[in-house]
Q: 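Mind looking over this structure? Questions follow.
Nothing fancy with the numbering, it's 1 onward along the sequence.
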Amino acid sequence: MRVALILPDLANYQTHLYGDLYPQALAAIAKSHRANSTRLSAPASYPWKYARAAIERLERQHHPALLAAMGIDPIVGVGKFQLLPHLGLNIGGRFIRAKSYLIATGSIPANPQIPGLEEIDYLTIDRLTEIGETPIPQYWAIVGAETIGVELAQTLARLGCQVTLIVETEQILPHEDRKFANYIQAQLEADGVRIYLVTTVMAVMENGASKLVVLDSESIAVDEIFIALPERPLIESFNLTEVGVAYDRKGISIDAKLRTSNPNIYACGSVCGNVLGGYRSDGLTQSEAKIAVHNALSWRKTKVNYNSYNRFPWAVYTDPPLARVGMKIAEAIQSKRKDIIILEQYFKNCPQAILNNTTTGLCQIIVTYKGDILGAAIVGQNAPELIQILALAIQHKLKIADLKTFPSLSPSYTELIDLTLEEWYKYQRDKNSQQGSWLSRLWR
């Protein structure tokens, strides 16, 4: 069996395999400065060079030469489907015919509808790696409530930049419960990020050597504008209509087996426009990719169960980070279920957090009266790692009491989950005490 991987022309699309991780690479060095109680008074170039080197190391793990050694034929170029004389892919005059095709081109930054933006130079995630070769901008405006913007705002502030974050929503991270979003907002403001909520950018324009961001009631002069708005699927130039693949502005239409309306063409990931909990999920994308590859190569097809999306964890990589899985508090309220209990525990009670002076944070687990785990959210140190324990419990349909059997080190951050479990047992004791009191009155 031969497999060809069509790689886009990176010079044209300006995308990189690990480009979305660039802010996290920057955040790593910003966090080290914070740990050493140092803060850059002015932005320096070496953090950007460090981040670029880290991303290049990750990209080398999927270098075309390594793929070729594994038996994969990497072909650089933009493919265009054609139906005649046979269904195939035309790549710069080279015609490739296969049993099945898989579209996994992902998404790219959309064109924001901000007056004047197209007339000036601005940044999106795919262009962030360009910073560092020239003097680092001192003043930044980040427009949009996408997680990448929130993460980058904090990192830039810790690297000595003056940052303004502008969102149209009533809170940053609008898809998160307000209590958790407020934790992140408070930390960003403590780091020096200036935040505008419920604010619309009316226009942007050049202002000499700087750029002017015009808001409802004032204007802000900055050196650089970063757009953190929702992305759009990358489907241009593939000639999908001719080969019978249905799509709209949200992405390619697929069935539960990840087939498009052309049974020989499959698709997965954000190119299909699938969104989990308001954000694109790496966990969902990876699950889709495995099923899509299996279905494209096997006669026995597997379906994607989107009803089980709750088992996919998700995180915002700020400091402290925010992670969640399953049902949120807002969803629990909307469901109007009367058998739900909210268990909460604060990082300030966790021994490891006390030892490391990382006591800001909260663990919240949503359970039913019977102990079924419906969801969880954690904001605090090591939240992405901790949430995976609860995601595993949800996936295997464990009861909240079953988590007590999990071995944990002491001191460690996993004790936070044990401390949260104590709230469950307190509820059980109070419940039994109330029942006992009721029975004693009954028997009198």
Side-chain angles (χ1 to χ4, degrees), residues 1-8 13 15 17-20 62 67 70-75 77-83 86-91 96-108 110 230-314 325-326 391 394-396:
M1 180 182 298
R2 296 185 62 186
V3 177
L5 176 62
I6 314 303
L7 300 173
Y13 286 106
T15 57
L17 188 59
Y18 291 98
D20 287 352
H62 294 85
L67 298 177
M70 292 187 290
I72 300 172
D73 297 330
I75 302 173
V78 178
K80 182 178 181 180
F81 283 106
Q82 63 183 60
L83 195 57
H86 306 285
L87 175 63
L89 203 59
N90 190 329
I91 308 171
I96 297 179
R97 187 180 177 189
K99 173 187 175 183
S100 301
Y101 305 85
L102 173 59
I103 303 174
T105 49
S107 55
I108 58 175
E231 298 182 332
R232 62 180 178 84
L234 178 56
I235 54 179
E236 292 87 354
S237 77
F238 294 115
N239 201 25
L240 298 179
T241 302
E242 181 177 325
V243 292
V245 174
Y247 66 94
D248 57 23
R249 63 181 183 83
K250 294 182 179 180
I252 297 174
S253 300
I254 54 173
D255 62 13
K257 297 178 181 179
L258 301 178
R259 289 179 302 194
T260 68
S261 46
N262 185 316
N264 296 110
I265 301 177
Y266 294 78
C268 68
S270 59
V271 73
C272 305
N274 292 323
V275 176
L276 173 63
Y279 303 104
R280 302 196 185 282
S281 165
D282 290 337
L284 179 59
T285 296
Q286 292 173 12
S287 179
E288 283 186 340
K290 293 175 183 178
I291 293 175
V293 171
H294 169 82
N295 289 348
L297 300 178
S298 174
W299 62 270
R300 180 173 292 180
K301 310 298 181 183
T302 302
K303 293 184 178 181
V304 179
N305 182 12
Y306 288 107
N307 292 327
S308 64
Y309 76 88
N310 281 345
R311 63 191 177 94
F312 294 108
W314 179 88
V325 64
I394 291 175
Q395 180 179 357
H396 290 280

Q: Indicate the atoms forming the closest heavy-atom contact of Gly79 with Ile91, along with that distance.
A: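 The answer is CA-CG1, 3.8 Å.
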Q: Could you tell me whether a side-chain N or O of Ser261 sits under 3.5 Å from a main-chain N or O of Ala246, the two making a donor and an acceptor?
A: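 A pair under 3.5 Å: yes.
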Q: So among Ile6, Leu240, Leu234, which one has a side chain to side chain contact (heavy atoms under 4.5 Å, CB included) with Ile103?
A: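 The passing option is Leu240.
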Q: Taking all non-hydrogen atoms of both residues, which atom of Lys99 and which atom of Leu297 are closest, and how far apart?
A: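 Reported closest heavy-atom pair: NZ-O, 4.1 Å.
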Q: Compare every heavy atom of Gly269 with every heavy atom of Glu288, then report the nearest pair and how far apart it is.
A: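 Scanning both residues, the minimum pair turns out to be OE1-N, 2.7 Å.
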Q: Which heavy atom of Ala4 sits nearest to which heavy atom of Ile75, and what is that distance?
A: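 Looks like CB-CD1, 4.2 Å.
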Q: Nearest 0.5 Å, what's the OH-CD1 distance between Tyr266 and Ile252?
A: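 Result: 14.5 Å between the selected atoms.
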Q: For Pro233 versus Ser270, what's the shortest heavy-atom pair and its separation?
A: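 What the structure gives for the nearest pair is CB-O, 4.1 Å.
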Q: Which residues satisfy the side chain to side chain contact (heavy atoms under 4.5 Å, CB included) test with Thr241, sequence neighbours excluded?
A: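 Testing Thr241 for side chain to side chain contact (heavy atoms under 4.5 Å, CB included), a comparison that skips the adjacent residues, returns Tyr247.
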Q: When you look at Ser287 and Val304, which way does the side chain to side chain contact (heavy atoms under 4.5 Å, CB included) test go after all the steps?
A: CA-CA 8 Å; Ser287 179; Val304 179; 5.5 Å; no
Q: Look up atom CZ in Arg259 and atom OG in Ser100, then write down how far apart they are to the nearest 0.5 Å.
A: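 Spacing of CZ (Arg259) from OG (Ser100) equals 10.5 Å.
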Q: Take Leu89 and Lys80, measure what side chain to side chain contact (heavy atoms under 4.5 Å, CB included) needs, and give me the verdict at the end.
A: CA-CA 5 Å; Leu89 203 59; Lys80 182 178 181 180; 5.7 Å; no
Q: Keeping Asn239 on the side-chain end and Gln82 on the backbone end, is there a donor-acceptor pair under 3.5 Å?
A: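 Here the side-chain-to-backbone pair does not exist.
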Q: Looking only at atom types and distance, does a side-chain atom of Asp248 sit under 3.5 Å from a main-chain N or O of Gly251, one as donor and one as acceptor?
A: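 Judged by distance alone, yes, a pair lies under 3.5 Å.
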Q: Checking side chain to side chain contact (heavy atoms under 4.5 Å, CB included) for the pair Ile265/Phe81: CA distance, chi angles, key distance, verdict?
A: CA-CA 10 Å; Ile265 301 177; Phe81 283 106; 3.9 Å; yes
Q: Looking at Tyr101 and Leu87, would you say the former's side chain and the latter's main chain have a donor-acceptor pair under 3.5 Å?
A: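 Yes, Tyr101 side chain to Leu87 backbone: donor-acceptor pair under 3.5 Å.
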Q: Could you tell me whether a side-chain N or O of Thr302 sits under 3.5 Å from a main-chain N or O of Ile291, the two making a donor and an acceptor?
A: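 A pair under 3.5 Å: no.
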Q: Are more than 12 heavy atoms from other residues, nucleotides or ligands located less than 6.0 Å from atom NZ of Lys301?
A: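 Yes, because the 6.0 Å sphere around NZ of Lys301 holds more than 12 heavy atoms from other groups.
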